[in-house]
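Written out below as structure tokens is the structure these notes cover.
When reading the values below, keep in mind they use all heavy atoms of this one structure, side chains included, and skip hydrogens, waters and symmetry mates. Bear in mind the structure is a predicted one, so any value in this text is a computation, not a measurement. Throughout, numbering of the chain's residues begins at 1 and tracks the sequence.
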Amino acid sequence: MESKNVGALLQLASPKYYEDGGNIDAADDLDYAGLREYLNGKFQDARAIRYEIRYRRVLREDDVIYVDYTYSASYRIPGRKGEEWRRKVEDNRLELVEHQDEYRIVAGM
């Protein structure tokens, strides 16, 4: 994340990646193609990224592994008055499934 390595981030994602944005509005849903577009587009606007993760729980249900975590993201982006720092702290959940003898993220990236 911090090095903005799009190829490495996409390698972590399953081709079945789908993020519903946590609401009923389909306009902010994101599939694998949308994730790739975001990482190659708007994500590249960040001039610097600092990302910290605190894992809280790992749970397996059937064929899905859930990883609950809290992240703190600080990033510098272009703003109205030049570059500005922003910070976001939130809880999130990764969902992983087996994909060709490894695990890939299907939601939560």
Side-chain angles (χ1 to χ4, degrees):
M1 186 72 68
E2 290 180 352
S3 64
K4 298 187 339 181
N5 185 332
V6 173
L9 292 169
L10 288 172
Q11 277 293 112
L12 296 173
S14 166
K16 297 178 182 177
Y17 187 88
Y18 187 79
E19 187 72 44
D20 69 7
N23 58 53
I24 60 171
D25 182 7
D28 65 354
D29 292 359
L30 196 66
D31 62 5
Y32 185 86
L35 176 65
R36 181 177 49 238
E37 183 179 320
Y38 172 80
L39 291 173
N40 283 311
K42 188 170 177 114
F43 180 69
Q44 295 302 316
D45 290 344
R47 302 292 187 248
I49 298 172
R50 172 115 169 98
Y51 206 79
E52 296 177 25
I53 298 174
R54 191 184 110 237
Y55 298 99
R56 295 189 328 271
R57 181 175 68 162
V58 177
L59 175 67
R60 183 180 188 124
E61 289 183 8
D62 300 319
D63 295 334
V64 182
I65 296 175
Y66 299 99
V67 180
D68 294 330
Y69 66 98
T70 302
Y71 71 90
S72 171
S74 299
Y75 48 97
R76 192 173 69 219
I77 58 172
R80 293 181 192 158
K81 300 176 185 176
E83 292 184 354
E84 56 188 55
W85 280 96
R86 299 234 176 120
R87 184 167 187 255
K88 186 175 189 179
V89 177
E90 285 191 10
D91 293 334
N92 202 10
R93 170 178 268 186
L94 287 177
E95 297 179 23
L96 297 96
V97 296
E98 197 165 349
H99 176 80
Q100 300 176 351
D101 298 326
E102 61 186 16
Y103 285 89
R104 297 270 183 101
I105 301 168
V106 290
M109 186 179 286

Can you confirm whether more than 12 heavy atoms, excluding those of Asp63, are under 6.0 Å from its CG atom? no
Counting neighbours of CD on Glu84 that are heavy atoms of other residues, nucleotides or ligands and sit closer than 6.0 Å, is the number greater than 12? yes
Any donor-acceptor N/O pair, [X] side chain to [Y] backbone, under 3.5 Å:
X	Y	result
Asp62	Val64	no
Lys16	Val97	no
Gln44	Leu39	yes
Arg104	Gln11	yes
Glu19	Gly108	yes

Minimal non-hydrogen separation, Trp85 against Ala48, with atom names: CH2-CB, 3.7 Å
Measure the [atom1]-[atom2] distance between [X] and [Y] for me, rounded to the nearest 0.5 Å.
X	Y	atom1	atom2	answer
Asp91	Arg54	CG	CZ	8.0 Å
Leu35	Asn40	CG	CG	9.5 Å
Leu12	Glu102	CG	CD	9.0 Å
Thr70	Arg56	OG1	CZ	4.0 Å
Leu94	Ile53	CG	CD1	7.5 Å
Ser72	Glu90	OG	CD	11.0 Å

Not counting sequence neighbours, which residues clear salt bridge (Lys or Arg N to Asp or Glu O under 4.0 Å) with Glu83? List them please. Arg47, Arg76
Output yes when Glu95 and Arg93 qualify as a salt bridge under the 4.0 Å nitrogen-oxygen rule, no when they do not. no
Verify the cluster assignment for [X] and [Y]: are they in a single hydrophobic cluster under the rule of side-chain heavy atoms below 4.5 Å apart?
X	Y	result
Val6	Tyr17	yes
Ile77	Leu9	yes
Val106	Val67	no

Provide the full list of ring-ring contact (aromatic ring centres under 6.0 Å, His included) pairs with a residue in residues 53-84, sequence neighbours left out, each pair given once. Tyr51-Tyr71
Hey, does Ile65 have a side-chain heavy atom less than 4.5 Å from the side chain of Val58? yes
